J.: 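Got a structure here, written out as structure tokens. Questions coming.
Throughout, protein chains are lettered first and strands after them, A, B, ... in sequence-line order, and every chain is numbered starting at 1. Computed from a predicted model, the values in this text were never measured in an experiment. Every heavy atom of this structure was used, including side-chain atoms; hydrogens, water molecules and symmetry mates were not.
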Amino acid sequence: MIENRPVLNFLAHLVLILGVAIVALPVWIAFVASTHTATDFSSGTIPMWPGPHLVENYSRMLDSGLSTSGTPPVGRMMFNSMIMALSIAIGKIIISVLSAFAIVYFRFPLRNMAFWCIFITLMLPVEVRIVPTFQVVAGLGLLNSYAGLSIPLIASATATFLFRQVFMTIPDELTEAARIDGAGPMKFFRDILLPLSRTNIAALFVILFIYGWNQYLWPLLITTDAQYYTIVAGIKRMADAVDGLPQWHLVMATAMLAMLPPVAVVIFMQRLFVKGLVETEK
Amino acid sequence: QTEVQWWHAMGGELGAKLEEIVQGFNDSQSDYKVVPSYKGTYPETMTAAIAAFRADEQPAIVQVFEVGTGTMMAAEGAIVPVYQLMADQGASFDPAAFLPQVVGYYTDTDGNMLSMPFNSSTPILYYNKNVFEAAGLDPETPPKTWGEMEEFSKKIMESGAADCGFTTGWVSWIQTENFSAWHNQPIGTMENGFGGLDARLSLNGPVQVKHWGNLKKWADEGIFKYGGPVGGDNAPPMFYSQDCAMIMNSSASRAGVIANATDFEVGFGQLPYYDDVEGAPQNTIIGGATLWVLSGRPDEEYAGAAKFFEYMASADVQADWASFSGYLPITQAAADQMSGYFSENPGADTGLNEITLNEPTENSKGLRFGNYVQIRGIIDEEFEQLMAGSKDAQGALDSLVERGNAQIEEFQAQSQ
Amino acid sequence: MASITLDNVGKVYPDGTRAIGGVDLDIADGEFIVLVGPSGCGKSTLLRMVAGLEEITDGTVKIGDRVVNKVEPADRDIAMVFQNYALYPHMSVRKNLEYGLKNRRTPRAEIDRRVNEAAAILQIGDYLERKPRALSGGQRQRVAMGRAIVREPAAFLFDEPLSNLDAKLRVAMRLEIKELQKRLRTTSLYVTHDQLEAMTLADRLVVLNMGTVEQIGTPLEVYRRPASAFVAGFIGSPAMNLISSRAVPQLPGSAHAGLLGIRPEDLQIDPAGPIELNIGAVEELGAQRLVHGLVGGENFTVAMPSDAELGETLRLTIPPQALHRFDAESGKRLD
Amino acid sequence: MASITLDNVGKVYPDGTRAIGGVDLDIADGEFIVLVGPSGCGKSTLLRMVAGLEEITDGTVKIGDRVVNKVEPADRDIAMVFQNYALYPHMSVRKNLEYGLKNRRTPRAEIDRRVNEAAAILQIGDYLERKPRALSGGQRQRVAMGRAIVREPAAFLFDEPLSNLDAKLRVAMRLEIKELQKRLRTTSLYVTHDQLEAMTLADRLVVLNMGTVEQIGTPLEVYRRPASAFVAGFIGSPAMNLISSRAVPQLPGSAHAGLLGIRPEDLQIDPAGPIELNIGAVEELGAQRLVHGLVGGENFTVAMPSDAELGETLRLTIPPQALHRFDAESGKRLD
Amino acid sequence: MKRTIFRNQLLPWLLLAPQLAITFIFFIWPAAQAVWQSFLREDAFGIKSTFVGMENYLRLIDSAEYMNSLKVTALFSVSVTIMSMGTALLLAIAVDRMIKSTRIYTTLLVWPYAVAPAVAGILWWFIFNPTIGIMPYILSGFGYDWNHISDKGDAMLLVVIASAWKQISYNFLFFVAGLQSIPPSLREAAAIDGAGPVKRFFTITFPLLSPTTFFLLVVNIVYAMFDTFAVIDSTTEGGPAQATNILVYKVYFDGFVGQNLGSSGAQSVILMGIVIILTVIQFRWVEKKVEY
Ligand SMILES: Nc1ncnc2c1ncn2[C@@H]1O[C@H](COP(=O)(O)OP(=O)(O)OP(=O)(O)O)[C@@H](O)[C@H]1O
Ligand SMILES: Nc1ncnc2c1ncn2[C@@H]1O[C@H](COP(=O)(O)OP(=O)(O)OP(=O)(O)O)[C@@H](O)[C@H]1O
Ligand SMILES: O=P(O)(O)OC[C@H](O)CO
Ligand SMILES: [Mg+2]
Ligand SMILES: [Mg+2]
């Protein structure tokens, strides 16, 4: 510590506490709302403390949901989200680690072209080419399927670059030692490279899981069968009420449930999360 | 058992009722199972169906609101006209059984009915009797003219009975299209588009300009509160929470109103009119939706659809649906069957009375333009420009006509 | 075990850098050869060509009687110890030692025998189950050696294996390697840029400069009769003074224009000596004292016992046999 | 310029680590003090307490006559040279030099004068407009010195300022710092873990071990009469032999149980000498030869001229005054 | 570049195959389709189509709505970037002063990163709901009549808040990392050089943070331009009166809702251009940063 100025320290704490409060405010309100009944809102004053209907609201949403909004039970949607998030995360990792291996450890004709092909995906976010991508996926008959939810999203320049970065930092000597020890490329990949990238893979997994879970536009478009709705895409349908009051207490319960898995991942795997975040952006 | 997919836009109470009706059909036979799925608002449902059609994943049946008719009609090859479907499947189908206002709206120039009427509505006025009473108004007398609307609203607000006078669902449908018909003003040229693809909008007439101008003025005074685009999702909550004393909305909002307006008594009235406009009130036009059959599905599904349509057109189903929802009875038989209901439920026939108030004129028999779904969006936008104060009524409506016509031209070009 | 023969070996990197230009070298069976030279002179390149990690662009490399130019590293029967040890960080020490043997499908019993033996030799038996990161620098270095030993190869290759250790440990490990070499007598090629290490370890020293051999010889040969001014300046610490003969015309042999080499410790104080040093800085090292200054305008250092008396200038003499003479142009030794 | 006085200064880090335990030190005005000791012994901590970068948890620090315990670094009138130089990377060299003066609202003309003067002294005038990243390691080091000089402070503090340079440059910069100190005569406190640097630079040396002072004295005092076995082992290279007196009962004074310290270069070959060395490894360093072996079962090193004859064993003698004796327990010197 | 490589020629292609296949099928091919589509006029059901050359582009340039969308996007991105980066920087500076409580605060601040933009949108939509939301209630206490349904400014503010809120944690983490990567000795040197905390921040810390700041600037703009689709869709749907109709939303809306594939295609192509420019800037900078 260079200066010991209590005022500055106090100010810093103040700023942080305010920051935490601002950040938490919406979620607190959502949580409070999810523990009341619908009529508690229309009565004019908004409740600021949790009410007694937590279990009732959540269990109702988990097993039956809001059928009038055309969505299946939230439990089902969470299951779909989970499948999508896992497939995306695992799929991205697998294909990226393989391609990074190819790019870093081999020299072959058109290597640069392959690299650019992958790079270019960075420049084509799904939102931008949404209409034709939808048509391609439809043409392949992948609408309303888990494959359709995940496969088109698993190409990943970022993950490939990350692994490339990681592999670049693995000392040449290690590869050389392995070669002298008689390991061929796939053996090297399996025995040395993968185990060494373990924490990077885990960190990346955390980030990609969140990415997959939070997908919105894509599932919204390619699922027309409610059985495949994901929770993040489904929640908006619930908030749109027709000729009635939105069931805010239930919508907020769903919002809480939609946040739960990714937020839990961030909180409980903070170290991996931060690592993954920082790395994927390098 | 053949599954027949039906995409619809009936949320809330209506959705629940719809599922009940479908259940009735599914239970009545064992060859077909109709699977209804709620796809959001009318525009969302329609665009989802079109996207699905392009992806070859279309449902057999889709519910399309009345203003999508122009687009659907022009989509030869994408649809199976209902008259043809019924004929092919040998199902009984008698267009003459439907109300003339309904038949007229969904029939092509050759006199063939292209879609299956299901839920037709018309806008009416709902008001809060308790608030009226508290404000010293007669709870049994809704305002008749826009002048009274303003006057009553002010009273209500001054007395503190409510914060606002009125709100409305569907600015496009109610305050623009129906408003025009109700005052016998043209929505567009060539019989509001019924005359052919060359028709153009003419919504920027002096009467419409005056009305939009007033709405803006009232909004500024707090008398009127805007409830959002499309159906105006935020309008009903303002009425239910007794913020606003009156709401203009689809007759089919009745089910929702009854379910949600638990703390007060609701009255029904006809839409207000300007008494200085000649010919007003004329008649309202129908809204709601019909069921379209999309091509490209296996034949059994069409057989199922035909069967289902027979069931849906039956007087029992229609009467049940109409009395629950507030939709109009669309067949004569259903209307007859409901007379008892109407006498027991005063005000339930407000909508029916409105559409049949006078013999429809060229201006009041409906509208038919291509890309009208997009034009609906433009209406909302221009109205919002007006509300935000970025345009005056004349400017907003002029721009609405200009942009709307561009859509119509685009549609014409696309269809050639 | 085997001899290693380099015949006019050269290396041009794909980018055009000529790293090695024609090196001939015969390494006898069991000999310990140290390659020494400044950074970038091509030591690693040469070693890696022998290992098979770098393509050989000119000449031939033989291990034993076999030309290995096209043989994969795994098939050359060599083992290598890397500067950063290159231990597999995710494997225990035991797994590290076993990996090469397993890949060669050595029978289990044989693997165990060799691992235990190596562990005993290197005294790493206690931490066979640890991961490398739980080891100190010196222990890691030992494991790296162990990984080479278990392979029982025809030759060991070392690339600056001690340069990651601190000074104390480096001295200790240097002694251990010397010990080990005495015991195993495996042909070894050892790269370092540290001249002290080179001197103390080598049977023969190869001094490399810019990709070519400057001198090959035993450490003492190289120290006593450096073949060039480069070698003279590189081997020995504090470094040999190299001054032009014009700066000290008084000295014998300074008639020829050329470079004179004088080791700081070869000078003696002599009031009548031919060399006059203007004293600049004096550094007390405890056992000795380094006196820096100018002779005939050129930097000059003298090492002397720390109790010598110093004034402003110092007169020094040097035994004639301690004087080295080099050609001014080529830098080659002149006798 | 000012004296610096440390009175029973101690430091406990917030996590409970006791880094410094009661150090007394008087630094005279203009004196150059070097703090030396192994890694982690608390050198930086002590320096940073003087600088005001670390809270002083015990005792007092005075600069001149002022107790500075609670004074902010900016107000202590000191300048510091950091190990990584800590040059502001986004400012030109000139801006780097000016920064401290500007913050103190020194008049423009005065700033220019001082910057130019420092630039001249340090020969950095040519790259005043460059950013630090466009400088070599040695040049950066100079700029860091310059930044301290322009401030004309009461004292300089250096924290291993040379340890990021390569060996050759380190020697050169060492000489330069010595030169500069001679010229400016500013009170200095210099931290290093390199004993050579310590020996050559210090007016007085402070040897730290685990947070406490082992010895304070001139370099030669410390070398010749190390106050403890720790100092004896730390200062001098090759390191002093430290063997238990039981290993060489023949030596005078080995009657007391204790540690005997013998510098490798103090031994002489003498067939009748009292010490018998079983030769293990021999290292040829050119000018001398290190003979490692065992004496009475303990490791022992002897430095000798490289022409001496060696057998299996060697008998050695040592002048009595060259023998250091330390208490076995405390390690303190015994005379 | 690796010094050591394997020599196989077929194996790398096998390894790359899955990635390349997916890239080609789902990225490059649709992107090419977008380009092709941008030259066509097609009816909603995709039954008839005609080649119209540059017409779709010309219309866009001519269209007040598109120009409006450009302006809205610019305003939106800049506001989100400033709001979230500003808040995050403040928090990061505060945390950087902490010795013990860093972890706790960090944990309490980072989790919103995991909240889906769509959910963030819903949360704020609820909080600002004119009928039952808490904020309008509070604001009306200050005499402000909040209504994002008809007021363009309110609507913009709402989507900016929702988008910025979610992004604070991201920026915070990077700012903290940026601050921590500034060698402490630099700040110590500045302290010895007589600079107080505020001066030190502006003359040393902030300039040295500039690589991080610039990186975040680009990332945040990209985020605001593309990843906030869900925020818009779950709240204002571009309204009122297109006041929040950012470019990505318009591509989607004109394509899927407006059924004008030609125009949507042309907009896609323009957006790809923008992304390419941003990516190039970002990568240029990353290279520069290494030099620092
Ligand atoms: N892969 C490469 N491509 C091009 N040039 C290279 C490559 N590797 C090394 N060089 C160059 O070849 C020369 C010799 O390099 P080498 O690594 O053999 O030196 P070295 O003697 O081992 O140096 P050091 O003591 O620093 O390890 C250097 O000039 C180096 O820059
Ligand atoms: N901020 C800190 N918190 C806790 N302990 C610390 C802190 N800084 C240093 N220490 C501990 O205090 C002791 C002295 O550290 P210091 O940095 O002064 O050593 P040093 O002599 O400068 O070592 P080096 O030569 O490696 O720089 C060490 O044991 C170190 O681990
Ligand atoms: O809400 P509905 O079903 O009455 O329909 C209203 C309008 O007709 C939609 O265009
Ligand atoms: Mg090398
Ligand atoms: Mg230190």
J.: Quick check on the interface: out of Ile22(A), Leu14(A), Val27(A), who has the most heavy-atom pairs with chain E under 4.5 Å?
T.: Val27(A)
J.: Between Gln135(A) and chain E, which part of the residue has a heavy atom less than 4.5 Å away: side chain, backbone, both or neither?
T.: side chain
J.: Most heavy-atom pairs under 4.5 angstrom with chain A, which of Leu91(E), Leu271(E), Val248(E), Leu278(E)?
T.: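 With the most close heavy-atom pairs to chain A, the winner is Leu91(E).
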J.: Please look at Thr279(E) and chain A and tell me whether the side chain, the backbone, both or neither of the residue comes under 4.5 angstrom of a heavy atom of that chain.
T.: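 Interface part for Thr279(E): side chain.
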J.: Against chain A, label Ile127(E) side chain, backbone, both or neither, depending on which of its atoms sit under 4.5 Å from a heavy atom there.
T.: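 It is the side chain, since no backbone atom gets that close.
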J.: Trp111(E) versus chain A, heavy atoms under 4.5 Å apart: side chain, backbone, both or neither?
T.: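 Both backbone and side chain.
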J.: So which atom in Val251(E) and which in Gln267(E) form the shortest heavy-atom distance, rounded to 0.1 Å?
T.: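 Smallest heavy-atom distance, with atoms named: N-OE1, 3.4 Å.
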J.: Which of the residues Leu109(E), Leu14(E), Ile270(E) is involved in the greatest number of heavy-atom pairs with chain A at under 4.5 angstrom?
T.: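 Looking at each of Leu109(E), Leu14(E), Ile270(E) in turn, Leu109(E) comes out on top.
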J.: Of all of Trp213(A), Tyr211(A), Phe209(A), Phe134(A), which one pairs up most often with chain E through heavy atoms under 4.5 Å apart?
T.: Phe134(A)
J.: Report which part of Met259(A) has an atom under 4.5 Å of a heavy atom belonging to chain E: side chain, backbone, both, or neither.
T.: side chain
J.: Evaluate salt bridge (Lys or Arg N to Asp or Glu O under 4.0 Å) for Arg179(A) paired with Asp172(A), printing each intermediate quantity in order.
T.: CA-CA 11 Å; Arg179(A) 281 185 71 185; Asp172(A) 276 322; over 6 Å; no
J.: Does any heavy atom of chain A fall under 4.5 Å from the side chain of Thr235(E), the backbone, both, or neither of them?
T.: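 Looking at Thr235(E), nothing touches chain A.
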J.: When heavy-atom pairs shorter than 4.5 Å are enumerated against chain E, which of Ala30(A), Ala155(A), Pro185(A) gives the highest number?
T.: Pro185(A)
J.: Atom CG in Asp254(E), atom OG in Ser263(E): separation rounded to 0.5 Å?
T.: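 Asp254(E) CG to Ser263(E) OG: 5.0 Å, rounded to 0.5 Å.
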J.: Under 4.5 Å heavy-atom distance to chain E, tell me which part of Phe108(A) shows up: side chain, backbone, both or neither.
T.: both
J.: For Asp227(E), check salt bridge (Lys or Arg N to Asp or Glu O under 4.0 Å) against everything at least two apart and list the hits.
T.: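 Residues passing salt bridge (Lys or Arg N to Asp or Glu O under 4.0 Å) with Asp227(E): none at all.
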J.: What part of Leu108(E) lies closer than 4.5 angstrom to a heavy atom of chain A: side chain, backbone, both or neither?
T.: both
J.: Tell me, for Ala255(A) versus chain E, whether the close heavy atoms (under 4.5 Å) come from the side chain, the backbone, both or neither.
T.: both
J.: Who among Val119(E), Ile134(E), Thr107(E), Leu90(E) has the most heavy-atom pairs with chain A under 4.5 Å?
T.: Thr107(E)
J.: So which residue, Gly133(E), Ala230(E), Pro112(E), ends up with the most heavy-atom pairs under 4.5 Å with chain A?
T.: Ala230(E)
J.: What part of Val136(A) is in contact with chain E, defined as an atom under 4.5 angstrom from a non-hydrogen atom: side chain, backbone, both or neither?
T.: side chain
J.: Is Ile120(A) in contact with chain E via its backbone, its side chain, both, or neither, using a 4.5 Å heavy-atom distance?
T.: side chain
J.: Between Met238(A) and Val251(A), what is the shortest heavy-atom contact and its length?
T.: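 In terms of heavy atoms, the two residues are closest at O-CG2, 3.7 Å.
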J.: For the residue pair Trp248(A) and Asn129(E), what are the closest heavy atoms and their distance?
T.: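 Shortest heavy-atom separation between Trp248(A) and Asn129(E) comes out as CZ2-ND2, 3.4 Å.
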J.: Please tabulate, one pair per line, all N/O donor-acceptor pairs under 3.5 Å involving side-chain atoms of residues 21-34 of chain E, not counting sequence neighbours.
T.:
| from | atom 1 | to | atom 2 | distance (Å) |
| --- | --- | --- | --- | --- |
| Thr23(E) | OG1 | Gln19(E) | O | 2.7 |

J.: Does the ring centre of Phe106(A) sit less than 6.0 Å away from the ring centre of Phe101(A)?
T.: yes
J.: Identify the two heavy atoms, one from Gln180(E) and one from Asp96(E), that lie closest to each other, and give their separation to 0.1 Å.
T.: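 Heavy atoms only, the tightest pair is CG-OD1, 4.0 Å.
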J.: What option among Leu11(A), Thr175(A), Leu221(A) has the most heavy-atom pairs under 4.5 Å with chain E?
T.: Leu221(A)
J.: Kindly say whether the aromatic ring centers of Phe175(E) and Phe172(E) come within a distance under 6.0 Å.
T.: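 No, ring centres 6.0 Å or more apart.
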J.: With only heavy atoms counted, which part of Ile151(A) is less than 4.5 Å from chain E, the side chain, the backbone, both or neither?
T.: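 Its backbone and side chain both get close to chain E.
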J.: With no hydrogens and no angle check, is any side-chain donor or acceptor of Lys166(E) less than 3.5 Å from a backbone partner on Tyr113(E)?
T.: yes
J.: Report the C-alpha distance between Val266(A) and Val110(E) in whole Å, list the side-chain angles of each, state the deciding distance to 0.1 Å, and finish with yes or no for side chain to side chain contact (heavy atoms under 4.5 Å, CB included).
T.: CA-CA 8 Å; Val266(A) 165; Val110(E) 299; 3.8 Å; yes
J.: Pick one of side chain, backbone, both or neither for Ala183(A), based on which atoms fall under 4.5 Å of a heavy atom in chain E.
T.: backbone
J.: Where does the angle between the aromatic ring planes of Tyr252(E) and Tyr249(E) fall among parallel (under 30°), tilted (30 to 60°) and perpendicular (over 60°)?
T.: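 Judged by the thresholds at 30° and 60°, the geometry between Tyr252(E) and Tyr249(E) is tilted.
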J.: Would you give the length of the straight line joining atom CZ of Phe161(A) to atom OG of Ser99(A), rounded to the nearest 0.5 angstrom?
T.: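 So the CZ of Phe161(A) and the OG of Ser99(A) are separated by 10.0 Å.
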J.: Are Tyr105(A) and Phe189(A) close enough that their ring centres sit under 6.0 Å apart?
T.: no
J.: Measure distances from Leu174(A) to the heavy atoms of chain E and classify the residue's part below 4.5 Å as side chain, backbone, both or neither.
T.: neither
J.: Is Ser96(A) close to chain E through its backbone or its side chain, or both, or neither, when contacts mean heavy atoms under 4.5 Å?
T.: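 Both backbone and side chain.
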J.: If we define contacts as heavy-atom pairs under 4.5 Å, which of Ala114(A), Pro109(A), Ala233(A) has the most with chain E?
T.: Pro109(A)
J.: Out of Ala100(A), Pro132(A), Pro262(A), Gly184(A), return the one with the most heavy atom pairs under 4.5 angstrom to chain E.
T.: Pro132(A)
J.: Which heavy atom of Ala178(A) sits nearest to which heavy atom of Phe188(A), and what is that distance?
T.: CB-CD1, 3.8 Å
J.: Does any backbone or side-chain atom of Leu140(A) lie under 4.5 Å from a heavy atom of chain E? Answer side chain, backbone, both or neither.
T.: side chain
J.: Side chain, backbone, both or neither: which part of Ile94(A) has an atom under 4.5 Å from a heavy atom of chain E?
T.: neither
